[in-house]
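Reviewing the structure listed below.
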Amino acid sequence: MVMNYSIILGNLGNTCDRFLSSGYKEELDKDTMLKQAAQINRVKGIELVGSWDIDENNVKEMKQKLENQEFKCVSIIPDLFSQKIWGKGSFSAADSNVRMAAIEAVNTCTDIAVEMNCDLLNIWPGQDGYDYALCADYMEERHWFYDGIKECALYAASKGVRFAMEYKLKEPRTHSYLARVSDAILLVKELNMENVGVCIDTGHAFAAYENVGESIALLKMAGDKLFHMHYNDNYNAWDDDMIVGSLRLTEFFEILFWLKKTNYSGWHSMDQYPYREDGYGAIKSSVLYLQKLEAILESEGMEKIEALIKKRDPIATSEFIRNSLIK
């Protein structure tokens, strides 16, 4: 398994939280961020957020910027989360005009992806959900959500573009309609479209109390529906978007094992928001951590890990962690 690494471009810039909308750092221009990304070992891909990084007006410019640094555009992320219009949902909004706007926004990103020679939209429907009991028609809104994704996916299929649906338990809504890997699998099974799959964001999965290795296995069993990976770390209670490996060792090693076992061939993309720390340093640390675990997995060999798992013995696993992972 040769792991292909990528970065969401904005992670290198000035990321702000809800307490300081201006952010804690100075904003960097796109050229500076791309130059920083190019300095990180084996990073060859960039993800761009629609309306933040790219739109219909600057496609040629951004394509040239990526080509100048020999980057591939890994995915386009439609902005269905940071505009006022999506405040009460995008695909699941009660206002049919908003639902139509969501479809148009995603279809526009599909066209942009084609121009960028990119075959993937990573879709995070962050505003599709609800906050209070007795304030949502769960069945009706889920039908709207499915129908909107289906219409966009049909258009994308005609252009050779795939969808990776990114799930998240909560935030910005208290409850998300695409909350867990099980929700994502239900969506994929309901749509039954070859070009619709799933993105696992490790931090989102941790916050949903998932074991990501199991989530990877479930998506394999669902028909090879893992299309994309986002990496970050957290304390389980919230999407803290921390440096990969700052909290977990065994879990990230197991993630790489299951990705290799299931023949995952997509990109390994960093998706974290270093609010106060240096963006370049934080993203680089995440990439280097994964590369260290990648090298250990290669050295130990899949057969050895397979045999360890077959023992189903926590004591043997603890010995392996001490002797092989802690170096």
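A search for ring pair (Phe, Tyr, Trp, His ring centres under 6.0 Å) contacts involving F145 returns nothing, not counting sequence neighbours. With sequence neighbours excluded, the residues that form a ring pair (Phe, Tyr, Trp, His ring centres under 6.0 Å) with F320 are F253. Contacts of H175 classified as ring pair (Phe, Tyr, Trp, His ring centres under 6.0 Å), with partners at least two apart in sequence or in another chain: Y130. Taking D147 as the reference, nothing meets the side chain to side chain donor-acceptor pair (under 3.5 Å) condition, with sequence neighbours excluded. Partners of K30 by salt bridge (Lys or Arg N to Asp or Glu O under 4.0 Å), not counting sequence neighbours, listed by chain and number: D53. For Y167, there are no ring pair (Phe, Tyr, Trp, His ring centres under 6.0 Å) partners two or more places apart in sequence or in a different chain.
Counting only distance, with no hydrogens or angles, the side chain of S92 and the backbone of E141 share no donor-acceptor pair below 3.5 Å. Using a distance-only test at 3.5 Å, with no hydrogens or angles considered, a donor-acceptor pair links the side chain of R99 to the main chain of A94. S90 places no side-chain N or O within 3.5 Å of a backbone atom of A102 that could act as its donor or acceptor partner. N232 contributes a side-chain N or O that, together with a main-chain N or O of D271, makes up a donor-acceptor pair within less than 3.5 Å. Put simply, the side chain of D131 gets close to the backbone of T174: a donor and an acceptor are under 3.5 Å apart. Proximity of a side-chain donor or acceptor of R173 to a complementary backbone N or O of Q127 within less than 3.5 Å is detected. Without hydrogens or angle criteria, N195 side chain to A153 main chain gives a donor-acceptor distance under 3.5 Å. Looking at N11, its side chain does come within 3.5 Å of a backbone N or O of Q272 through a donor-acceptor pair.
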Please table the atom pairs, donor to acceptor, closer than 3.5 Å between any side-chain atom in residues 215-228 and protein atoms at least two apart or in another chain.
{"unit_1": "S215", "atom_1": "OG", "unit_2": "E210", "atom_2": "OE1", "d": "2.7"}
{"unit_1": "S215", "atom_1": "OG", "unit_2": "N211", "atom_2": "O", "d": "3.4"}
{"unit_1": "K220", "atom_1": "NZ", "unit_2": "D224", "atom_2": "OD1", "d": "2.8"}
{"unit_1": "K220", "atom_1": "NZ", "unit_2": "D224", "atom_2": "OD2", "d": "3.3"}
{"unit_1": "K220", "atom_1": "NZ", "unit_2": "T262", "atom_2": "O", "d": "3.2"}
{"unit_1": "K225", "atom_1": "NZ", "unit_2": "M193", "atom_2": "O", "d": "3.0"}
{"unit_1": "K225", "atom_1": "NZ", "unit_2": "V196", "atom_2": "O", "d": "3.0"}
{"unit_1": "H228", "atom_1": "NE2", "unit_2": "E47", "atom_2": "OE1", "d": "3.3"}
{"unit_1": "H228", "atom_1": "NE2", "unit_2": "E47", "atom_2": "OE2", "d": "3.0"}

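Note on residues 305-316: pairs passing salt bridge (Lys or Arg N to Asp or Glu O under 4.0 Å), not counting sequence neighbours, are K261-E306. For residues 240-253, the salt bridge (Lys or Arg N to Asp or Glu O under 4.0 Å) pairs, not counting sequence neighbours, are D233-R248, R248-E251. Applying the salt bridge (Lys or Arg N to Asp or Glu O under 4.0 Å) test to residues at least two apart or on different chains, the pairs with a partner in residues 12-29 are D17-R276. Applying the salt bridge (Lys or Arg N to Asp or Glu O under 4.0 Å) rule to pairs touching residues 65-78 yields D31-K65, E61-K65, sequence neighbours excluded.
If you run side-chain hydrogen bond (donor to acceptor under 3.5 Å, both in side chains) between Y155 and each of D111, N107, T110, only D111 comes through.
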Candidate pair C73 and M62, rule side chain to side chain contact (heavy atoms under 4.5 Å, CB included), full reasoning
CA-CA 10 Å; C73 182; M62 285 304 301; over 6 Å; no
Residue pair L297, M302: steps toward the side chain to side chain contact (heavy atoms under 4.5 Å, CB included) verdict:
CA-CA 7 Å; L297 179 58; M302 291 293 287; 4.0 Å; yes
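Aromatic rings from F81 and W52 are positioned such that their centres are separated by under 6.0 Å. In this structure, the ring of F252 has its center less than 6.0 angstrom from the ring center of F206.
When all heavy atoms of D119 and G160 are compared, the pair lying nearest together is CB-O, 3.9 Å. Smallest separation of non-hydrogen atoms from M229 and I255: CE-CG2, 4.3 Å.
No side-chain heavy atom of S286 sits less than 4.5 Å from a side-chain heavy atom of Y231.
Residues R42 and E294 are paired through a salt bridge, judged by an N-O separation under 4.0 Å between the basic side chain and the carboxylate.
V43 and L48 fall within the same hydrophobic cluster, defined by Ile, Leu, Val, Met, Phe, Trp and Tyr side-chain heavy atoms under 4.5 Å apart, directly or through other members.
Donor-acceptor pairing under 3.5 Å is lacking for the side chains of S75 and N122.
Residues near M100 contribute nothing to a hydrophobic cluster around it, because no ILVMFWY side-chain heavy atom sits closer than 4.5 Å to its side chain.
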